[in-house]
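Report on the following structure.
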Amino acid sequence: MRSKLIAGNWKMNGSRAQNEDLLNALKTATLTSQTNLAIFPPAPYLMQCQSILSGSKIQYGAQDISAQQNGAYTGEWSGAMLADCGCQMVIVGHSERRTYHNESSSYVAEKTATALANGLRPIVCVGESAQQRQDNQTKATIEAQLLPVLTRCPKDAWSKIIVAYEPIWAIGSGVAANPEDAEDVHQFIRDLITNKVNQAQETLILYGGSVKANNAQTFFAMPNIDGALVGGASLQAHDFLMIAQAAARAQESTN
C-alpha cells in the first residue's frame, strides 16, 4: 500500500525566527507510520532545517535543482550540494518555474534525472492552465509534460519519482479542483506511467492547488490521490498539521 505524503512548499516566504517556530511545532505531530511530512523552504534556510529537524521523521528538500553537476552556473545549486545539506527530496517543474523561468518539459526531465543521480526523490509538478482546461486539453497537456520524464528516466526509478498534479488555475486562488475531477486526472497519470514503464502502482501522485484543512479529507478519500503539495497552508503549523491528520485518517480507513 502506498504511503501518504504531505509536502509543504514555502515558496519565497519565511525568516529564521518564523521558521524556528514553525518547524518546532511540526516536530510535535503524531501521525500514522504511513503518513509522511516533508517541507521545502527557500534555499538559504536548508541548513536551519537540517539543524532543527535532525532526529525527527520530517523530511525536507529544495524547491529547485540545477541540471548541471557543478561549474560556472551563478545562482544555481547542484544535486550534490542539496544532498550535502541533508535534503531527501527536491521539487522540479513547478508551474512558477515553467512560467517565470521558461523551463521546458525536456529541461524538467533533465533536472529529474539529476535529482535521481544524486539520491534525491524528485517531485515532478504537472498541470494545466485555465485556458487549457476550458479547451479540454488537461490530459493532453499533462501527457506532454510527463512524456520527456518518462523517456529520460530509468523505468525502475518510478518507485522514487513523485508526481504532483497542480492545476495552475487552482494554485493560490482559493479555488480547488473538484475531488472527483482531480481523481480522474490522477488515474490518467497512473495509467500513463503504467503504459510506459509499468511501475505506476508504487508511484506517489499528489494533488496541489488550494488544499486546506477543510477540504483535504475529500481529496485523500480518492484512491489515486496519495497526499498533497501544499502552498500557503504549509506556512501555518496548525493548518498544515490538520491536513496531515486528514491524510492519516484516510490512511487508517484503508488499512
Side-chain angles (χ1 to χ4, degrees), residues 1-11 13 22-23 25-26 29-41 57-63 88-96 121-128 138 142 146 161-190 200 202-254:
M1 178 178 294
R2 296 184 300 271
S3 60
K4 296 288 189 187
L5 173 65
I6 308 302
N9 178 12
W10 291 3
K11 305 193 180 185
N13 295 292
L22 176 54
L23 293 171
L26 295 181
T30 301
L31 303 170
T32 67
S33 60
Q34 292 181 305
T35 302
N36 302 305
L37 293 182
I39 57 98
F40 295 82
K57 295 181 179 180
I58 300 174
Q59 300 183 65
Y60 62 93
Q63 297 174 13
Q88 298 102 330
M89 300 180 183
V90 62
I91 297 172
V92 296
H94 192 280
S95 64
E96 291 158 5
R121 293 192 72 180
I123 298 182
V124 182
C125 298
V126 297
E128 81 283 8
T138 294
I142 289 170
L146 270 181
I161 296 172
I162 300 164
V163 178
Y165 168 53
E166 289 201 303
I168 298 171
W169 50 269
I171 298 173
S173 68
V175 180
N178 179 286
E180 288 76 16
D181 290 344
E183 167 63 16
D184 180 60
V185 176
H186 279 236
Q187 181 66 68
F188 170 78
I189 292 170
R190 201 172 300 284
E202 299 178 38
T203 303
L204 296 184
I205 307 176
L206 314 180
Y207 170 75
S210 297
V211 178
K212 302 182 185 301
N214 62 5
N215 65 13
Q217 190 74 37
T218 61
F219 287 105
F220 302 149
M222 299 296 160
N224 286 289
I225 298 181
D226 302 316
L229 181 56
V230 183
S234 69
L235 299 172
Q236 303 295 326
H238 176 268
D239 294 350
F240 191 54
L241 290 177
M242 288 289 286
I243 294 171
Q245 288 163 7
R249 289 193 298 271
Q251 190 77 51
E252 289 172 343
S253 68
T254 58

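Treat the numbers as computed from the prediction; the structure is a model and nothing was measured.
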From CA spacing to verdict: side chain to side chain contact (heavy atoms under 4.5 Å, CB included), Asn215, Phe220: CA-CA 9 Å; Asn215 65 13; Phe220 302 149; over 6 Å; no
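- At least one donor-acceptor pair closer than 3.5 Å links the side chain of Ser210 to the backbone N or O of Ala170.
- Considering all non-hydrogen atoms of both residues, Ile123 and Ala7 come closest at CD1-CB, 4.3 Å.
- Looking at heavy atoms from C-beta onward, Val126 lies in side-chain contact with Ile189 at the 4.5 angstrom threshold.
- Not counting sequence neighbours, the partners of Phe219 by the ring-ring contact (aromatic ring centres under 6.0 Å, His included) test are Tyr207.
- Residues meeting the side chain to side chain donor-acceptor pair (under 3.5 Å) test with Asp239, sequence neighbours left out: none.
- Ser95 pairs by the side chain to side chain contact (heavy atoms under 4.5 Å, CB included) definition with Ile168, Ile171, not counting sequence neighbours.
- For the residue pair Lys4 and Gly227, the shortest heavy atom distance occurs at CD-N, 4.2 Å.
- A donor atom on one side chain and an acceptor atom on the other are found under 3.5 Å apart for Arg249 and Gln217.
- Annotation: side chain to side chain donor-acceptor pair (under 3.5 Å) contacts of Asp181 (sequence neighbours excluded): none.
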key: Derivation and outcome, side chain to side chain contact (heavy atoms under 4.5 Å, CB included), residues Arg121 and Leu204   = CA-CA 11 Å; Arg121 293 192 72 180; Leu204 296 184; 4.2 Å; yes
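- By the side chain to side chain contact (heavy atoms under 4.5 Å, CB included) test, Lys57 is found to be paired with no residue, residues two or more places apart in sequence or in another chain being considered.
- Note that CD of Glu180 is 4.0 Å distant from CE of Met222, once rounded to the nearest 0.5 Å.
- A search for salt bridge (charged side-chain N to carboxylate O under 4.0 Å, His left out) contacts involving Glu96 returns Lys11, not counting sequence neighbours.
- At a threshold of 4.5 Å between non-hydrogen side-chain atoms, the residues Ile225 and Leu206 do not count as touching.
- Interatomic distance, CD1 of Ile142 versus CD of Glu166, reported as 11.0 Å (0.5 Å rounding).
- Nearest heavy atoms, Ile243 versus Val211: CD1-O, 3.8 Å.
- Side chains of Thr138 and Val185 form a contact here, defined as non-hydrogen atoms less than 4.5 Å apart.
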What do the steps show when you test Leu23 against Ile39 for side chain to side chain contact (heavy atoms under 4.5 Å, CB included), and what is the final call? CA-CA 9 Å; Leu23 293 171; Ile39 57 98; 4.0 Å; yes
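- Contacts of Ser234 classified as side chain to side chain contact (heavy atoms under 4.5 Å, CB included), with partners at least two apart in sequence or in another chain: Trp10, Val230, Phe240.
- Taking every heavy atom of both residues into account, Ala177 and Ala182 meet most closely at CB-CB, 4.4 Å.
- The side chain to side chain donor-acceptor pair (under 3.5 Å) check on Gln63 picks up nothing, with sequence neighbours excluded.
- Counting all heavy atoms, side chain and backbone alike, Thr218 lies closest to Pro179 at OG1-CG, 3.5 Å.
- Ser3 places none of its side-chain heavy atoms less than 4.5 Å from the side chain of Thr35.
- Atom CZ of residue Phe40 and atom CG of residue Asn9 lie 8.0 Å apart, to the nearest 0.5 angstrom.
- With sequence neighbours excluded, the residues that form a side chain to side chain donor-acceptor pair (under 3.5 Å) with Arg2 are Asp226.
- Nearest heavy-atom pair across Asn224 and Glu183 is ND2-OE2, 2.8 Å.
- Within the 3.5 Å criterion, the main-chain N or O of Gln88 finds no donor-acceptor partner in the side chain of Gln59.
- Counting heavy atoms from C-beta outward, Pro122 and Ile162 have side chains that stay 4.5 Å or more apart.
- For the side chain to side chain contact (heavy atoms under 4.5 Å, CB included) test, residues two or more places apart in sequence or in another chain that qualify with Ala244 are Ile6, Leu31, Leu37.
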